[in-house]
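Following: one structure in structure tokens, then a few remarks.
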There are 2 protein chains.
Amino acid sequence: MARRTDARASAISTAERLFRIQGYTATGLIQVLKESGAPKGSFYFHFPRGKAQLAEEAIDCYVAKRMAVLRHISSETAGDAPKFVRQIFRTFADEMVAADFQYGCLMQNLANELPALDADLTKRVARGFLDSTEIIADHFRGCGFTSERASSAAAALVAALEGARTIARLERSPAIFEALADVSVRGWASLER
Amino acid sequence: MARRTDARASAISTAERLFRIQGYTATGLIQVLKESGAPKGSFYFHFPRGKAQLAEEAIDCYVAKRMAVLRHISSETAGDAPKFVRQIFRTFADEMVAADFQYGCLMQNLANELPALDADLTKRVARGFLDSTEIIADHFRGCGFTSERASSAAAALVAALEGARTIARLERSPAIFEALADVSVRGWASLER
DNA sequence: TTTCCTATATGGTGATCACCATAGTATGTC
DNA sequence: GACATACTATGGTGATCACCATATAGGAAA
């Protein structure tokens, strides 16, 4: 039987948004339901396992969107590592500016509340990072990097992106993305003098 | 009159620890008091402004310790930027290994729960990042970097450190620090082939 | 039309949250 | 001994937490 309302989907997208702004523990189900317009009575009909399940579906949604963005950038800059790196930083910076620096990364926010997460959710977060990293590593391999170096460069880029989000949010400025792009592409040596 | 007990200090250090592991919202005062051994009855005697004040004192303590570590590394590697960068990554990695990857960065955890923080606490977090960055920028200036480039390189390094902590915690591995040290010092160019 | 399944409303559960009022104890100074 | 200060115990406040039992409304399939 087909679904008759969008209560479920809107609850997920609202949860994704609130988890990114406030974090997992700080976001109550009542707030999610109120802001999404979804009815309170049917929450445990749609999400029998409760808040944990809601978070699982939210992160699946978030990771899928993030990977789509990365894949798109990768295909646009095939074979050109510096351009790829710059384009990633610019895209993330633009997203944050557009959202007035209100949103953190959902994976990072969940990772910072690990004890509140069950094993399943923790695995999904870790998987999200691994999958993102792999897309980036693939691109580097396509630029002629050795496999090992492509992997470590990709991991470094992912970490830098996460840190940049935290800083940008606090400073309400995309400057950190520019700084990271420069350092990443040119290395410290070129910064001297 | 002199203080007669260490209830206050132990509450602060316990709060710092729990905030780093669980985050701000997820950590209840009852847990802080129980784990610190501090009596429940005197909490609002020591911290009249409640949980927010406890967090303020915890972050002051955390930032002071972090800056001391950075200053020490800086003085040990004066004039040598690559060595400085590598030493920072190694020190942070060693700390995480020693603590079995249980601890996040207090500033980052608080930054990811911004809506739960009052203005005073938010300012303290931002100030902590600025002060840390400034120590690093000073070192780069001492290596002959231009002032502007020293600042942006320092900001990039701080962001990378934050992101690395998140990843390392999730992967329970210090590998990301190694990867970042390589990329930071050598740049992407040297990773090709 | 009867029977399901989807979906929602209502009204709770006990637990925990940060916070506080009141009273009392311990330890210092004078 | 008098007295002030430093500290703690007790027992709450109302609010919010995630979660759930029960009843029922609405549309599709039989």
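Given the structure is predicted, the values throughout are model-derived calculations rather than measurements. Below, read A as the first sequence line, B as the second, and so on, with proteins coming before strands; counting in each chain starts at 1.
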**Whole-Å distance separating the NZ atom of A/Lys40 from the P atom of C/dG11** = 10 Å
**Asked** Between A/Arg17 and A/Glu35, is there a salt bridge with N-O shorter than 4.0 Å?
**Response** yes
**Item:** pair B/Asn112-A/Glu113: side-chain heavy atoms closer than 4.5 Å
**Value:** no
**Prompt:** Does D/dT8 have OP1 or OP2 sitting under 4.0 Å from an N or O in the side chain of B/His46?
**Reply:** yes
**Asked** When the nearest nucleotide of DNA chain D is assigned to A/Gly41 and to A/Ala26 on a heavy-atom basis, which residue is associated with the more 5' position?
**Response** A/Ala26
**Fill in**
Separation of C/dT6 atom P from A/Asp6 atom CG, nearest Å, is 17 Å
**Item:** Length of the CG-P vector between B/Leu18 and C/dC17, whole Å
**Value:** 12 Å
**Prompt:** What nucleotide among C/dA7, C/dG11, D/dG11 has an atom nearest to a side-chain atom of A/Phe45?
**Reply:** C/dA7
**Message:** Whether the A/Thr166 and B/Glu162 side chains hold a donor-acceptor pair (N or O, under 3.5 Å, no angle test) is what I'd like checked.
**Reply:** no
**Asked** Could you state the CG-P distance from B/Leu54 to C/dC17, rounded to the nearest angstrom?
**Response** 14 Å
**Prompt:** Roughly how many Å is it from CZ in A/Arg49 to C1' in D/dC20, rounded to a whole number?
**Reply:** 17 Å
**Request:** Measure from the side-chain heavy atoms of A/Ala7 and tell me the nearest of C/dT8, C/dC19, D/dC19.
**Result:** C/dT8
**Prompt:** Heavy atoms under 4.0 Å, any strand shown: does B/Thr25 hit a base, just sugar-phosphate, or nothing?
**Reply:** nothing
**Message:** Below 30° counts as parallel, above 60° as perpendicular, anything between as tilted: where do the rings of A/His139 and A/Phe84 land?
**Reply:** parallel
**Item:** Nucleotide D/dT5, atom C1' - distance to CZ of B/Arg8 in whole Å
**Value:** 16 Å
**Interatomic distance, A/Gln53 CD vs D/dC19 C1' [rounded to whole Å]** = 14 Å
**Item:** Parallel, tilted or perpendicular: ring planes of A/Phe140 versus A/Phe145, cut at 30 and 60 degrees
**Value:** parallel
**Prompt:** Which residue, A/Pro48 or A/Gln31, contacts DNA chain D at a nucleotide closer to its 5' end, judged by nearest heavy atom?
**Reply:** A/Gln31
**Prompt:** Does A/Tyr44 put a side-chain nitrogen or oxygen below 4.0 Å from OP1 or OP2 of D/dC20?
**Reply:** no
**Prompt:** OP1, OP2 of C/dT8 versus side-chain N and O of A/Ser42: anything below 4.0 Å?
**Reply:** yes
**Complete:** note: B/Ile30, atom CD1; C/dT16, atom C1'; distance rounded to Å ~ 7 Å
